[in-house]
Number of protein chains: 2
Amino acid sequence: MSTPGRGLHGHVLGTLGPAITAGEYPAGSVLRTDELAQHFEVSRSVMREAVRVLESMHLVESRRRVGVTVLPKCEWNVYDPQVIRWRLAGADRPHQLRSLTVLRSAIEPVAAGLTAANATAEQCAELTECALGMVANSRGHKLEAYLIHDIAFHRVILTASGNEMFARLGDVVAEVLAGRTHHEVMFEDPDPAAVTLHVQVAEAVREGDATRAEQLTREITVGALQELDILVPKS
Amino acid sequence: MSTPGRGLHGHVLGTLGPAITAGEYPAGSVLRTDELAQHFEVSRSVMREAVRVLESMHLVESRRRVGVTVLPKCEWNVYDPQVIRWRLAGADRPHQLRSLTVLRSAIEPVAAGLTAANATAEQCAELTECALGMVANSRGHKLEAYLIHDIAFHRVILTASGNEMFARLGDVVAEVLAGRTHHEVMFEDPDPAAVTLHVQVAEAVREGDATRAEQLTREITVGALQELDILVPKS
DNA sequence: AGGAACAAAAAGTCAGACTTATTTGTCACA
DNA sequence: TGTGACAAATAAGTCTGACTTTTTGTTCCT
């Protein structure tokens with residue numbers, strides 16, 4: 001599941017990071033490096049490295065004579081994959097899931113449009129293959145196989161868009177989709193309408209129809225948002 | 001301009017980070033901590049902390065018996081504000097600027113729609129104020145004052161959307177807008193059509209018309225993309 | 001009350017010794 | 001010739017202790 005974190009320093013991060021993102025230490029809390037080092041039973045060098053990483057994520061700020069101050073949520077680097085993972089694993093998972101799904105609803109349609117304009121023949125083929133895989137596993141409670149193709153589909157869309165910022169969201173989307181299957185309840189087979197939409201997006205991309213690809217993808221993300229409204233309580 | 005980086009460790013980062021993101025060390029290059037420490041005339045502890053931070057940005061990977069390996073661009077945490085700043089300051093500034101503008105074109109319209117639905121009275125007022133400030137400085141080569149209001153406008157849109165992922169892009173948008181004014185050439189006053197659009201967006205938000213706010217913002221970002229196509233050479 | 005000098009606290013820095021994992025090379029054996 | 005195990009080399013990882021620097025809060029003097 002989550003990376004255990006290589007090295008002592010990684011282990012400390014894997015404990016302290018989730019604790020902070022979970023709000024265990026409220027913003028403004030002050031920690032001392034030495035105490036943390038004692039608590040985790042590591043040397044100060046190791047502790048300092050961990051603090052440096054947390055600082056680079058803007059989760060904390062280290063100041064002389066003061067200590068390590070926990071920063072307010074609005075300062076956090078919420079796009080850091082590690083931070084995303086920590087938050088998804090923690091208490092405000094529902095909230096985070098909603099934020100990310102809204103983000104998807106903004107990004108993916110535009111990405112699909114670009115993909116329709118830029119995709120290579122191979123990428124088109126790959127996309128079609130993914131869509132077919134989704135169809136093949138859309139009935140009979142083969143959710144796991146379906147998920148794999150679903151993730152691959154969206155990853156291709158984001159990568160083939162040719163925009164590096166979009167491409168880098170592949171992991172995030174994967175995490176959101178996987179979360180839906182694994183954590184949130186999914187009794188039935190996936191929505192047939194959604195499956196059809198994916199096939200149609202692949203079609204539109206093959207035909208280079210950017211407008212249609214964008215519009216269809218927008219429908220997919222709207223569906224995802226509606227599904228989320230049903231599955232997780234809206235705050 | 002760019003943060004000098006507090007502490008020795010920050011100074012090292014401020015030199016090594018830009019060098020890596022500029023592609024000075026091609027992907028796969030191997031560096032050794034000891035050599036780097038000597039080169040920068042700092043202790044190994046300091047150097048290690050810097051490497052840890054670069055590692056958390058996925059710019060490099062540190063492995064025993066091997067050294068510090070530079071990772072390929074596709075692994076980088078391109079949403080890290082620091083990485084964005086380094087890249088904007090470096091050689092592939094045009095490419096980065098285009099990526100970010102496309103990102104804006106995906107995010108901002110959706111954010112504006114949400115803002116129209118969620119904005120408080122204060123936020124509406126603030127938005128209108130920004131738009132008026134833009135109008136007031138749209139003629140007579142008062143680019144600097146115009147820029148301030150432009151940045152504030154988009155920051156309000158992103159913040160008032162209520163989505164933390166959108167809100168966190170405020171700094172990025174600010175950097176892009178500032179770059180347009182400061183680095184790229186801007187002979188004339190801003191495009192009058194763009195100014196009008198901003199005013200209209202503020203109107204739509206006040207009226208709670210999400211669809212119109214989204215559509216108008218889309219027109220703004222389309223304009224920004226076209227402007228970019230003119231100002232910087234498309235690769 | 002205002003300001004300057006002082007003391008304490010915590011992060012920052014450094015140097016050196018030691019540990020551990022990983023790679024690479026070697027040598028024997030099949 | 002190829003393949004296995006074993007040994008050596010190497011660079012990161014870890015720990016410790018001493019020292020420096022900056023910031024904050026206090027105290028004392030005017």
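Protein chains get the first letters and strands the later ones, always in sequence-line order, with residue 1 at the start of each.
Contacts of A/Arg93 classified as salt bridge (charged side-chain N to carboxylate O under 4.0 Å, His left out), with partners at least two apart in sequence or in another chain: A/Glu184. Checked against side-chain hydrogen bond (donor to acceptor under 3.5 Å, both in side chains), B/Ser56 has the following partners two or more places apart in sequence or in another chain: A/Ser56. Residues satisfying the side-chain hydrogen bond (donor to acceptor under 3.5 Å, both in side chains) test with B/Ser99, not counting sequence neighbours, are A/Glu164. Qualifying side-chain hydrogen bond (donor to acceptor under 3.5 Å, both in side chains) partners for A/Arg52, counting only residues two or more places apart in sequence or in other chains: A/Glu55, B/His9, B/Glu49. For A/Gln123, the side-chain hydrogen bond (donor to acceptor under 3.5 Å, both in side chains) criterion is met by A/Thr120, not counting sequence neighbours.
Following rounding to the nearest Å, B/Arg65 (CZ) and D/dA12 (P) show an atom-to-atom distance of 11 Å.
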A/Thr101 and A/Arg98: CA distance, side-chain angles, deciding distance, side-chain contact (heavy atoms from CB on, under 4.5 Å) verdict = CA-CA 5 Å; A/Thr101 305; A/Arg98 186 173 302 273; 5.7 Å; no
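Chain A approaches DNA chain C within less than 4.0 angstrom (heavy atoms of the protein), and the contacting nucleotides run 5' to 3' from C/dA8 to C/dT13.
Taken residue by residue, residues 30-49 of chain A places heavy atoms nearer than 4.0 Å to DNA chain C at A/Leu31, A/Arg32, A/Thr33, A/Arg48. Shown for residues 51-59 of chain A: no residue has heavy atoms falling under 4.0 angstrom of DNA chain D.
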Counting only pairs under 3.5 Å, give me each side-chain donor-acceptor contact of residues 25-39 of chain B, with atom names and distances, residues two or more places apart or in other chains.
residue	atom	partner	partner atom	Å
B/Ser29	OG	B/Pro26	O	2.4
B/Arg32	NH1	B/Glu35	OE2	3.3
B/Arg32	NH2	B/Glu35	OE2	3.0

Show me, pair by pair, the donor-acceptor contacts under 3.5 angstrom made by side chains of residues 151-161 of chain A, not counting sequence neighbours?
residue	atom	partner	partner atom	Å
A/His154	ND1	A/Glu108	OE1	2.6
A/His154	NE2	A/Asp150	OD1	3.1
A/His154	NE2	A/His198	NE2	2.9
A/Arg155	NH1	A/Asp171	OD1	2.8
A/Thr159	OG1	A/Arg155	O	2.8
A/Ser161	OG	A/Leu158	O	2.7
A/Ser161	OG	A/Asn163	N	3.2

Do any side-chain atoms of residues 57-67 of chain A form donor-acceptor pairs under 3.5 angstrom with protein atoms, and if so which ones, sequence neighbours left out?
none

Listed pairs under 3.5 Å, donor-acceptor, residues 11-23 of chain A side chains, sequence neighbours left out:
residue	atom	partner	partner atom	Å
A/Thr15	OG1	A/His11	O	3.2
A/Thr21	OG1	A/Gly17	O	3.1
A/Thr21	OG1	A/Pro18	O	3.1

